Amino acid sequence: MKRMVAILLAAVQLLTLSACTMTGSGAGDSAWITYEEVFNRVKNEENKDILVYSYQQPILSQGFSGANLINTKLSNATTAFLYGSGGVEEMTELAKMDWRESWFTCYSLTREVSVARVDETVASFRYSDYAFTGGVHGYTAEYGVTYDMVSG
């Protein structure tokens, strides 16, 4: 019985993974989307890194009526990630308070974005956000957003 359940679960996982490969995703995305990639370091008064942060900002090509609105929404999401609660400013203040502690390890904040699907109908993105402020491990959040290419 356990063997049958394991086989069934494996088959469901394979079907789920194969459903994620949609038209327009993969190597051909460069015609539809470019990325602004940023990597920054915040240093303390001893010139040591106390926070590193990076992000990818997708930019949709202007060939669709919804492109401007979608690009604005993507940009707003990046701004919220960087400067909202738990963002660069807050993490910098924490790192400035903590860097002299014996347990301190450089803090980090990262956002990676990949394309789940992009075509004439929709643009769908996968986000993976990671934050580390000391301890055994950092925290990862993963989610997705989908936009209508016509209406934005």
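Computed from a predicted model, the values in this text were never measured in an experiment. As a basis for the values below, the full set of heavy atoms in this structure was taken, side chains included, without hydrogen atoms, waters or symmetry mates.
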Enquirer: Before giving the answer on side-chain contact (heavy atoms from CB on, under 4.5 Å), spell out for Phe125 and Val115 the whole-Å C-alpha distance, their side-chain angles and the decisive distance to 0.1 Å.
Expert: CA-CA 5 Å; Phe125 301 93; Val115 176; 4.2 Å; yes
Enquirer: Grab the two heavy atoms, one from Phe132 and one from Cys106, that are nearest each other, plus how far apart they are.
Expert: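 Phe132 and Cys106 have their closest heavy atoms at CD2-O, 3.5 Å.
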Enquirer: Could you check whether any side-chain N or O of Asn71 sits under 3.5 Å from a backbone N or O of Leu60, counting only pairs where one atom can act as donor and the other as acceptor?
Expert: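 Checking the backbone N and O of Leu60 against the side chain of Asn71, a donor-acceptor pair under 3.5 Å is found.
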Enquirer: With Lys43, which residues qualify under salt bridge (charged side-chain N to carboxylate O under 4.0 Å, His left out), at least two apart?
Expert: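 Here the qualifying residues are Asp49.
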Enquirer: Under a 4.5 Å cut-off applied to non-hydrogen side-chain atoms, are Gln62 and Asn68 in contact?
Expert: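 Yes, their side chains come closer than 4.5 Å.
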Enquirer: Distance check, rounded to the nearest 0.5 Å: Ile70 atom CD1 versus Thr146 atom OG1?
Expert: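 Going from CD1 on Ile70 over to OG1 on Thr146, the span is 10.0 Å.
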Enquirer: Side-chain heavy atoms under 4.5 angstrom apart, residues restricted to Ile, Leu, Val, Met, Phe, Trp, Tyr: same cluster for Tyr143 and Val118?
Expert: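 Shared cluster, yes.
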Enquirer: Keeping Thr105 on the side-chain end and Gly134 on the backbone end, is there a donor-acceptor pair under 3.5 Å?
Expert: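 The answer is no, because no donor-acceptor pair under 3.5 Å joins these two groups.
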Enquirer: Would you please test Arg41 and Val52 for side-chain contact (heavy atoms from CB on, under 4.5 Å) and show each step?
Expert: CA-CA 4 Å; Arg41 299 172 184 273; Val52 293; 3.9 Å; yes
Enquirer: Roughly how far apart are Ile59 CD1 and Ser75 OG, rounded to 0.5 Å?
Expert: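 These two atoms lie 8.5 Å from each other.
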Enquirer: Quick check: do Arg111 and Asp129 have side-chain heavy atoms less than 4.5 Å from each other?
Expert: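 They are in side-chain contact.
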Enquirer: At what distance, to the nearest 0.5 angstrom, does CD of Gln57 lie from OG1 of Thr34?
Expert: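 Separation between the atoms: 9.5 Å.
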Enquirer: Which other residues belong to the hydrophobic cluster containing Tyr55, where Ile, Leu, Val, Met, Phe, Trp and Tyr are joined when side-chain heavy atoms lie under 4.5 Å apart, directly or via other members?
Expert: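 Its cluster partners, ordered by chain and number, are Val38, Val42, Ile50, Leu51, Tyr53, Phe81, Leu82, Tyr83, Val88, Met91, Leu94, Met97, Trp99, Trp103, Phe104, Tyr107, Leu109.
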Enquirer: Between Ala67 and Ser61, what is the shortest heavy-atom contact and its length?
Expert: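 In terms of heavy atoms, the two residues are closest at CB-O, 3.3 Å.
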Enquirer: State plainly whether one hydrophobic cluster holds both Tyr35 and Leu74, where clusters connect Ile, Leu, Val, Met, Phe, Trp and Tyr through side-chain heavy atoms under 4.5 angstrom apart.
Expert: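 Yes; Leu74 is reachable from Tyr35 via cluster members.
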Enquirer: Checking side-chain contact (heavy atoms from CB on, under 4.5 Å) for the pair Tyr130/Glu142: CA distance, chi angles, key distance, verdict?
Expert: CA-CA 9 Å; Tyr130 175 80; Glu142 295 185 356; over 6 Å; no
Enquirer: Begin from the C-alpha positions of Ser85 and Glu90 and carry the test side-chain contact (heavy atoms from CB on, under 4.5 Å) through to its verdict.
Expert: CA-CA 7 Å; Ser85 178; Glu90 187 175 316; 4.0 Å; yes
Enquirer: Quick one: CZ on Arg117 to OH on Tyr147, what's the gap to the nearest 0.5 Å?
Expert: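 It comes to 16.0 Å.
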Enquirer: Regarding Arg100 and Glu45, does a basic nitrogen lie under 4.0 Å from an acidic carboxylate oxygen?
Expert: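 A salt bridge links Arg100 with Glu45.
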Enquirer: Determine, using the 4.5 Å side-chain heavy-atom cutoff (strictly less than), whether Leu69 and Trp32 are members of one ILVMFWY cluster.
Expert: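 Per the 4.5 Å side-chain linkage, Leu69 and Trp32 are not co-clustered.
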Enquirer: To the nearest 0.5 Å, what is the distance between CD (Glu112) and CD (Gln56)?
Expert: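 With rounding to 0.5 Å, CD (Glu112) is 6.0 Å from CD (Gln56).
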